[in-house]
Trainee: 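Below you'll find the structure I mean.
Letters A, B, ... mirror the listed sequences (proteins, then strands); counts begin at 1.
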Amino acid sequence: MLDPTLLRTRLDEVRAGLATRGDGLGGDLDRLVALDAERRAILPVLESARHARKDVGERIARARRGGEPVEALVKAGQEHAAAIKEHESRLETVEAERREWALKLPNLPHASVPVGRSEADNVEVRRHGAPPEFDFAPRPHWEIGPALGILDFERGARLAGARFAVLTGAGARLARALINFMLDLHTGEHGYTEVEPPFLASTDALTGTGNLPKFEDDLFKVAGEWDLYLIPTAEVPLCNLHRGEILDGRELPVWYVAYTPCFRSEAGSYGKDVRGLIRQHQFDKVELVAYAAPDTSWDVHEALTRHAEEVLKRLGLPYRTMLLCTGDMGFAASKTYDLEVWLPSYEAYREISSCSNTEAFQARRAGIRFRPDGRGKPEHVHTLNGSGVAVGRALVAILENYQQRDGSVVIPAVLRPYMRGLEAIEPAGG
RNA sequence: GGAGGGAUGGCCGAGCGGUCGAAGGCGGCGGUCUUGAAAACCGUUAGCGGGGAAACUCGCUCCUGGGUUCGAAUCCCAGUCCCUCCGCCA
């Protein structure tokens, strides 16, 4: 949610900022501003009516104690009550519509974000490692995995349909090794607190992060009388951990990391990445979330991005860091870095992590505030999130970048302790 | 799934439908006493939104949402969460 004061006082800037996202929402803003003005007009009228009612109530109590007649006062009270009811219902109507509009507006891009229309306008900020050079024809992971007997798409489909896969043996173990390696790195060296949250979330939680009301189609909803969805990312539970709370500013920033499976219906992505593990309905991810005071959140954003990069560095995977342009950013983000890992099968860098600062956008929706010095007026915190990193895509990157001529796949050194010392996954008996 | 009990300020805990935003205690803060501290004593201490330069002032807030009433922490209905017992279960 955008700052309502900003909407009131600097409408033109907001309009210009949102336009760079290319969502095309000029008229929406006018309606929103009108509703806001209407709300603010009703409020003082309603409040003075309430005051009058309260006043009459006290006079009745006093009259009664003094044994005086109260009929006229009661009559006046009834009239006030009727007026209040009327104003309240009007306010309710206006407020409901205002909120509906407000929740559908995306975040304003930060000034340092390049203006652009699509992926093509993103800016590379740094690069690490170089794509491997093979002296044989490298194969894509959807051939390597099944050949090694560690990855099975047919059986995934048998269990749940298209875009589901099964990992077996060393494949399953590799996924678990990646999860444990990442969690150990972030908790042990980067200072994160590990969380194991519910894997389902309520409408309120998903509204807090910005997934609802606009993107319900991307979610799996639980059938029956449940107000629950499968989480599309651990960002949802981690950002809602402190929903409705007032934090102590002296304890900021706070850092959370969680491993969870993630579930996305990927509606609207038909035909994209149909082969392999790149785009699945279910995938594992280790997610980083930070709550920061506004004056440090941009430093925290850089730090969090570096924490995600460290995973790729230690895994020895070549990657580059991209600053997303205005047109390619997610709904809640004010600024986003994507980490893209080299995938030989695509002969391209593909997204493996996305690190965003949402500033107060989510905090305003979710009511997360802090008191700077532990006292005084609460302000909204800034929330940040980043994949640290996507497990499925990391597994893909390892299979493809570490493949050998004989069909085996070398295990990156940092993962071997998690693989009982296994140095490579061999074709024969894994 | 069945049967009960509960939700009040930072915490504990009172609260006949009418100056109740709420007794009392603890904790916190300020002070007296003391070389210093403790103890004791005195005072003070909820949040949110709006108006005002300020003193101050208006509204909302006793789990949430409805209802009854001139007036609800208090009465009625629905829901959420927590606890105990039974059943079931990893």
Trainee: Contact class for Ile60(A) vs. all strands (heavy atom < 4.0 Å): base, sugar-phosphate, or nothing?
Mentor: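 Result for Ile60(A) = base.
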Trainee: Rounding to a whole Å, what distance do you find between Leu43(A):CG and C48(B):P?
Mentor: 18 Å
Trainee: Measure the acute angle between the ring planes of His242(A) and Tyr256(A), then classify it against the limits of 30° and 60° as parallel, tilted or perpendicular.
Mentor: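 Tilted, since the angle between the ring planes falls between 30° and 60°.
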Trainee: Whole-Å distance between G10(B) P and Asp248(A) CG?
Mentor: 14 Å
Trainee: Heavy atoms under 4.0 Å, any strand shown: does Arg59(A) hit a base, just sugar-phosphate, or nothing?
Mentor: nothing
Trainee: Checking one value: the base orientation of U61(B), syn if chi is within 90 degrees of 0, otherwise anti.
Mentor: syn
Trainee: Using whole Å, report how far NZ of Lys75(A) lies from P of C70(B).
Mentor: 12 Å
Trainee: Is it the case that more than 12 heavy atoms not belonging to Arg8(A) sit under 6.0 Å from its CZ atom?
Mentor: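 Result for CZ/Arg8(A): enclosed.
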Trainee: Counting only side-chain heavy atoms from C-beta out, which of G47(B), C70(B), U68(B) sits nearest to Lys85(A)?
Mentor: U68(B)
Trainee: Do other residues, nucleotides or ligands put more than 12 heavy atoms under 6.0 Å from Glu86(A) CD?
Mentor: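 Atom CD in Glu86(A) is not crowded, with 12 or fewer foreign heavy atoms closer than 6.0 Å.
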Trainee: Taking any heavy-atom pair under 4.0 Å as a contact, classify Gly57(A): base, sugar-phosphate, or nothing.
Mentor: base
Trainee: What is the distance, rounded to the nearest whole Å, between atom CD of Glu95(A) and atom P of G59(B)?
Mentor: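 In whole Å, G59(B) P lies 21 Å from Glu95(A) CD.
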Trainee: Looking at Glu92(A), I'd like to know if its CD atom is crowded, meaning that more than 12 non-hydrogen atoms belonging to other residues, nucleotides or ligands lie closer than 6.0 Å.
Mentor: no
Trainee: Would you kindly compare Ala61(A) and Arg50(A) by the position of their nearest RNA chain B nucleotide and give the one closer to the 5′ end?
Mentor: Ala61(A)
Trainee: So which nucleotide does U74(B) pair with, by the Watson-Crick or G-U wobble rule with both distances under 3.5 Å?
Mentor: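 Looking at the geometry, U74(B) pairs with no nucleotide.
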Trainee: In whole angstrom, give me the gap between the P atoms of U8(B) and C75(B).
Mentor: 16 Å
Trainee: Would you confirm whether Gln403(A), through its side chain, and Arg139(A), through its main-chain N or O, come within 3.5 Å as a donor-acceptor pair?
Mentor: yes
Trainee: Need one value for Glu58(A): base, sugar-phosphate or nothing, where a base atom within 4.0 Å counts as base even if backbone is also close, heavy atoms only.
Mentor: nothing
Trainee: Between atom CG in Leu73(A) and atom C1' in G18(B), what is the gap in whole Å?
Mentor: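 In whole Å, G18(B) C1' and Leu73(A) CG are 13 Å from each other.
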Trainee: Quick one: what's the B/S/- string for nucleotides 50-58 of chain B, heavy-atom cutoff under 4.0 Å, read 5' to 3'?
Mentor: --------S
Trainee: In whole Å, what is the span from the CZ atom of Arg64(A) to the C1' atom of G17(B)?
Mentor: 10 Å
Trainee: Whole angstroms only, please: what is the CG-P distance between Leu247(A) and G47(B)?
Mentor: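 After rounding, the gap between these two atoms is 17 Å.
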Trainee: By nearest atom, which of the nucleotides U68(B), G59(B), C70(B) is closest to the Lys54(A) side chain?
Mentor: G59(B)
Trainee: Sort out the partner of U44(B) for me: Watson-Crick or G-U wobble, both distances under 3.5 Å, none otherwise.
Mentor: G28(B)
Trainee: Do side-chain atoms of Arg163(A) reach the backbone of Arg279(A) as a donor and acceptor pair under 3.5 angstrom?
Mentor: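 Pair found, side chain donor or acceptor close to backbone of Arg279(A).
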Trainee: Any carboxylate oxygen within less than 4.0 angstrom of a Lys/Arg side-chain nitrogen, looking at Arg314(A) and Glu189(A)?
Mentor: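 Yes.
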Trainee: Distance-only, no hydrogens or angles: does the His87(A) side chain make a donor-acceptor pair with backbone N or O of Ile42(A) under 3.5 Å?
Mentor: no
Trainee: Nearest to the Ala81(A) side chain among C60(B), G18(B), C70(B), which nucleotide is it?
Mentor: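 Shortest atom-to-atom distance from the side chain points to C70(B).
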